[in-house]
Amino acid sequence: MVSHSVWIVGTSRSGKTARLVEQFCSWVQPEKQYTESFYTKKSGRKKGVHTPEFLYLKQTEPGVLVLAANDDNRRELGDIIITSTLGKYPVRAKTPLGFFQDEVILFWPLLINSLSLKAQFPVRLRPETEQELATKLWRPQLDEEILRVAGVNESRLVRRILDLLQLAAYSGIPCEDIAQILTRGLGENPTTLEPEFLASLLLDWRNWCLERGLLSYGIITELYSQHLLSDRNYQQHLTKRYQAVLADDVDDYPSVARLLFELLLDQGAVGAFSYNPDGAVRLGLGADPNYLEGLAERCRVEILTGPPPESLGEQANQMVELLTEPMVLLSLPKTVHSIQTTSRAQLLRQTAEVIADAIQSQQIEPEEVAIIAPGLDAIARYTLVEILVKQNIQVESLNDQRPLISSPVIRALLTMLALVYPGLGRLVDRDAVAEMLVVLSRKQQPSEDAMNRVYTNIDPVRAGLIADYCFVPHPDRPNLLPVSAFERWDRIGYAATTAYNEILQWLEQQRSQQELRLIPSPISLLDRAIQRFLWNGSNLPYEQLAALRELLETAQHYWEIDTRLRQISPTETTPHTTLIEFIQLLRRGTITANPYPVRPIGGARKAVTLATIFQYRSSRRSHRWHFWLDAGSPLWAKGGAATLFGAPFFLRDRLGEPWTAEDEKLAEEQRLQRILTDLLSRVSERVYLCHSDLAVNGQEQLGPLLPLVNACVTHSVT
């Protein structure tokens, strides 16, 4: 009997997702199989694929589980499936981690009984809140000697330890076995901490969170893999709810996902899975592509051969061969060009100028250009954006997570909190007050054309004068005096004086209400200030709007956690210390403007895409032209921030095996080959290798792509 489940293998943009949707449509609309069967059409699939037996999914319950590697892909895939089936079938589209989270919260009463937990509704921890609470819990044990042995600061060490719990949970390994895995993996490495010590910290942290009903990503995944999946009651509910599962890009899924898929398949569900051998974007962040590939044995395998015809994917093998055999005299195709300079500053400017000239000469549109780099520092990002924007060319930075505190609007609101609530005087100074006056004196935008320009009634000079003469520092009650406290207040002007008096009157009103406890929480005060001074009936630029939304979401989450902690242990925290810690948390830059996503109105922006390799590959985008920035950088083969400490130890095919220098070298070679193959499949016309002889620090760049740069010197633009 031929399996109904399908395992679809193909490179990037080879049609895997489209085939996945088509397979689902053939299940729910079987009459189309006879009029236009996918298997009878001409395609590049492996020969010998047989049409499966007749299968028909019901329109009623149970539903269909649809999984995607990240949230953007999830929304797109869910929309495509609903559109293709006219919304007649109950489809639930999630990411693997999002599904685990929903299931743990939905079946929380079951976990309460099995683990003897306190009956309270669970609260999810954000990563930044998780790190702050774990730091407080572990600080007595993380002394100077521990930090010296670890070789990192306290913040980095705490994050590294928490990542171990997440990696173990993704692999289906209980927290109690982490010490054993690390002991075998680290060996006799004197630069690392004792595995038993790290495991004891994680056990203390997990138990502390469960007592309070707090759930981090790692704890959620462990609860799901170790307790829910093995529970017979849950298994019965799960199999009754889903008659089919569709999973796109399973090469980016954690090991636990295979356990879920096998459970559904064992209970009679049908599955369709797509797999990219050149993908594995999240390898090092919990993905286990080799283990997920084992699912193919339970499915009918379809192979989508070759890259799409409108890409440069066919040239990937030639470029990889040039890297692995540098002595072989090979020439690059004419579609590969280079921009070569001596310094990186020259490279950034020349790259931007080449893009601007091509767009202005109408060779290409802005949305058809992508700048991709192994790492984007602030200088490179600012330089490229500044040059292109001056040429009226918009730039879209993918997932540009700038710290919230970098926004003047956020800093102004935090200063406002320090002026209203008592005991926060040490968190505010004259410069901060001057900035607050400028930001809160925003006035109506005169026209739509000037929407991105900021117009204020109090300019920086007048704000500085007011702060110098009217701000009274105090550790408990910092205050603002009337403008008449400045002897020459007539120099301030009518507009600035009126705006300052309005701000002063509003602050006094909020202070009095706070003393009478008429302000429920700082969240309410933030919302009042935004409505009164910033929103003001005008449209805010998207960057400011995103920062404000993230600030309110973060504040809501922070006080939700604080409320739970004070319910369990009233002496553990106070409203005053919570507010101080919230402001300090933001000022450390750990919170970024990445709020719950909202789809852009009117489709995608007409802008040049700027992204790191990881961001671009994760987004699954494609462009006509690619500019590979810093082509000579050694970071092209490195995992960097996309590789967590200890990640290789938790791969299912080598649990606990030591990670040697040879393993690292092989991993870098394989990573580089995947990156080249993937990126070339996502560009259709031209690739520019942008190389500077010297890096930012003045050192010569001798990265793995240097043979490609040297091979295309004949195509150099310089």
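Under the salt bridge (charged side-chain N to carboxylate O under 4.0 Å, His left out) test applied with Arg620, the options Asp252, Asp678, Asp72 reduce to a single match, Asp252.
Aromatic ring centres of Phe261 and Phe273 lie closer together than 6.0 Å. Between His227 and Tyr234, the ring center distance fails the sub-6.0 Å criterion. Centroid-to-centroid, the aromatic rings of Tyr688 and Trp628 stay 6.0 Å apart or farther.
Salt-bridge annotation for Arg282 and Asp251: absent, with no side-chain N of the basic residue lying under 4.0 Å from a carboxylate O of the acidic one. Ionic pairing of Arg300 and Glu302 is present here: one or more N-O contacts between side-chain nitrogen and carboxylate oxygen are shorter than 4.0 angstrom. Between Asp71 and Arg75 there is a salt bridge, since at least one side-chain N of the basic residue sits less than 4.0 Å from a carboxylate O of the acidic one.
Distance alone, capped at 3.5 Å, places no donor-acceptor pair between the Arg674 side chain and the Leu672 backbone. Between the His557 side chain and the Arg126 main chain, a donor and an acceptor come within less than 3.5 Å of each other.
Using cut-offs of 30° and 60° on the angle between ring planes, the pair His626 and Tyr616 is perpendicular.
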| task | For ring pair (Phe, Tyr, Trp, His ring centres under 6.0 Å), just list the numbers for Trp108 and Phe121, CA-CA rounded to whole Å, side-chain angles, deciding distance to a tenth of an Å, and then say yes or no. | result | CA-CA 8 Å; Trp108 185 249; Phe121 194 80; 8.3 Å; no
| task | With side-chain hydrogen bond (donor to acceptor under 3.5 Å, both in side chains) as the test, would you mind laying out the steps for Asp278 and Thr11 before giving the verdict? | result | CA-CA 6 Å; Asp278 299 317; Thr11 59; 5.5 Å; no
| field | Intermediate values then yes/no, side-chain hydrogen bond (donor to acceptor under 3.5 Å, both in side chains), Asn70 and Ser618 | value | CA-CA 8 Å; Asn70 57 57; Ser618 297; 5.2 Å; no
| said: One pair to check against side-chain hydrogen bond (donor to acceptor under 3.5 Å, both in side chains): Ser216 and Arg124. What are the steps and the verdict? | reply: CA-CA 6 Å; Ser216 67; Arg124 189 181 65 83; over 6 Å; no
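Closest heavy-atom contact between Gly78 and Ala93: CA-CB, 4.1 Å. A pairwise comparison of heavy atoms in Leu214 and Ile219 identifies O-CD1, 4.3 Å as the closest pair. Taking all atoms of both residues into account, the shortest heavy-atom contact from Arg617 to Arg682 is O-NH2, 4.4 Å. Pairing each heavy atom of Gln235 with each of Leu229, the nearest pair is NE2-O, 2.7 Å.
Side chains of Val123 and Leu215 form no contact here, defined as non-hydrogen atoms less than 4.5 Å apart.
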